[in-house]
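Source: prediction; values computed, not measured. The basis for the numbers below is simple: all heavy atoms, side chains too, and nothing from hydrogens, waters or symmetry mates. Sequential numbering from 1 along the given sequence is applied to the chain's residues.
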Amino acid sequence: MWIERKEKRQGRQILGEGMAKLLREIRQTNSIAKAAENLSMPYRTAWEHIRRIERVLGQKIVETRRGGARGGGSAKLTHEGERILREYERYERFLDNLIEEECLEAIFMKISARNYLHGVVKSVEKDEIAAKVRIEIKAPAEITALITREAVEELNLREGDDVEAVIKATEVLVAKSEKKE
């Protein structure tokens, strides 16, 4: 998992797991050298990663202060460095929670008849981020689910597809049914 900057339909990686660890260590130790050492990373490699991110962002992410002959220099994350690390950590927590929730549902959740409905897709409306999927269920009713465009594309949802609508407290999940032969 990583954060990237989209430019001309291509992504340029900004921050992944390794760099997030490096930035966390810099924040904790106030030293690039100590952070690199703690991560068993060459000091030069740490600096190369920092400079690459700064080139992509066009901003400094680490502020340094030189020491004397006996050392004493320091490093700290800039406002932009803190911001990008917070964004990465927020994304990381979101994915961890999503994975945990999905695993718990798969392992422990028993679906009752009242929250598991079979139906047929009547329409799919997509915009840049989300999609509205209108599902006709066996009972004389329709359910409208707002899901991500990515989910619609991953499920390859089309009008006429057989689906299941799983109703949770605040959302409707959509799963594509396998065709019965």
Side-chain angles (χ1 to χ4, degrees), residues 1-109 125-133 145-157 168-176:
M1 145 179 108
W2 64 86
I3 296 175
E4 62 182 35
R5 182 179 193 161
K6 292 286 185 184
E7 293 176 353
K8 300 176 186 170
R9 297 187 180 203
Q10 292 183 345
R12 293 178 66 193
Q13 184 177 348
I14 296 172
L15 189 64
E17 184 178 0
M19 268 307 299
K21 286 179 182 177
L22 177 62
L23 294 183
R24 284 182 192 120
E25 284 292 322
I26 292 169
R27 181 172 57 193
Q28 187 172 340
T29 62
N30 291 318
S31 167
I32 296 171
K34 185 68 176 164
E37 179 183 323
N38 289 350
L39 295 171
S40 301
M41 174 188 293
Y43 177 75
R44 182 181 176 129
T45 301
W47 262 115
E48 288 170 359
H49 288 308
I50 292 166
R51 287 186 183 116
R52 184 186 53 76
I53 291 172
E54 290 177 343
R55 276 193 308 274
V56 171
L57 292 175
Q59 295 184 50
K60 289 264 199 211
I61 62 166
V62 176
E63 184 178 284
T64 59
R65 189 173 56 84
R66 293 182 67 132
R70 295 184 196 142
S74 67
K76 71 176 193 169
L77 300 183
T78 63
H79 175 71
E80 183 64 12
E82 288 285 355
R83 186 191 69 77
I84 198 74
L85 183 57
R86 269 194 318 274
E87 281 299 310
Y88 180 85
E89 289 171 338
R90 187 173 65 89
Y91 183 53
E92 195 173 46
R93 281 189 307 275
F94 170 77
L95 289 179
D96 287 346
N97 289 337
L98 183 66
I99 290 167
E100 183 178 303
E101 182 179 308
E102 293 299 318
C103 288
L104 288 175
E105 284 180 9
I107 295 169
F108 299 112
M109 185 173 141
E125 297 174 33
K126 298 188 262 183
D127 67 21
E128 288 298 312
I129 297 170
K132 184 168 32 173
V133 180
L146 291 175
I147 62 176
T148 64
R149 178 186 180 106
E150 184 178 350
V152 167
E153 291 170 356
E154 284 177 8
L155 290 169
N156 193 24
L157 288 179
K168 294 177 64 171
T170 59
E171 59 190 310
V172 176
L173 304 177
V174 177
K176 191 168 182 176

I need the [X] [atom1] to [Y] [atom2] distance, nearest 0.5 Å.
X      : Y      : atom1 : atom2 : answer
Thr45  : Leu39  : OG1   : CG    : 11.5 Å
Arg93  : Arg90  : CZ    : CZ    : 8.0 Å
Glu63  : Leu77  : CD    : CG    : 10.0 Å
Leu155 : Glu150 : CG    : CD    : 10.5 Å
His79  : Ile84  : NE2   : CD1   : 11.0 Å
Lys21  : Met41  : NZ    : CE    : 9.5 Å

Give a yes or no on whether a salt bridge exists between Glu89 and Arg86, defined as a side-chain N under 4.0 angstrom from a carboxylate O.
no
How close do [X] and [Y] get, counting heavy atoms only, and between which atoms?
X      : Y      : answer
Ala46  : Ile32  : CB-CG2, 4.0 Å
Ala35  : Thr29  : N-OG1, 3.8 Å
Ala75  : Val62  : CB-CG1, 4.0 Å
Met19  : Ile53  : CE-CD1, 3.3 Å
Asp127 : Arg149 : O-NH1, 2.8 Å

State whether the side chain of [X] and the backbone N or O of [Y] hold a donor-acceptor pair below 3.5 Å, judged by distance alone.
X     : Y     : value
Thr78 : Lys60 : yes
Glu54 : Ile61 : yes
Tyr88 : Glu17 : yes

When you look at NZ of Lys126, are more than 12 heavy atoms from neighbouring residues, nucleotides or ligands closer to it than 6.0 Å?
yes
Is it true that atom CD of Gln28 has more than 12 heavy atoms of other residues, nucleotides or ligands lying nearer than 6.0 Å?
no
Can you check salt bridge (Lys or Arg N to Asp or Glu O under 4.0 Å) on Glu48 and Arg51, steps first, answer last?
CA-CA 5 Å; Glu48 288 170 359; Arg51 287 186 183 116; over 6 Å; no
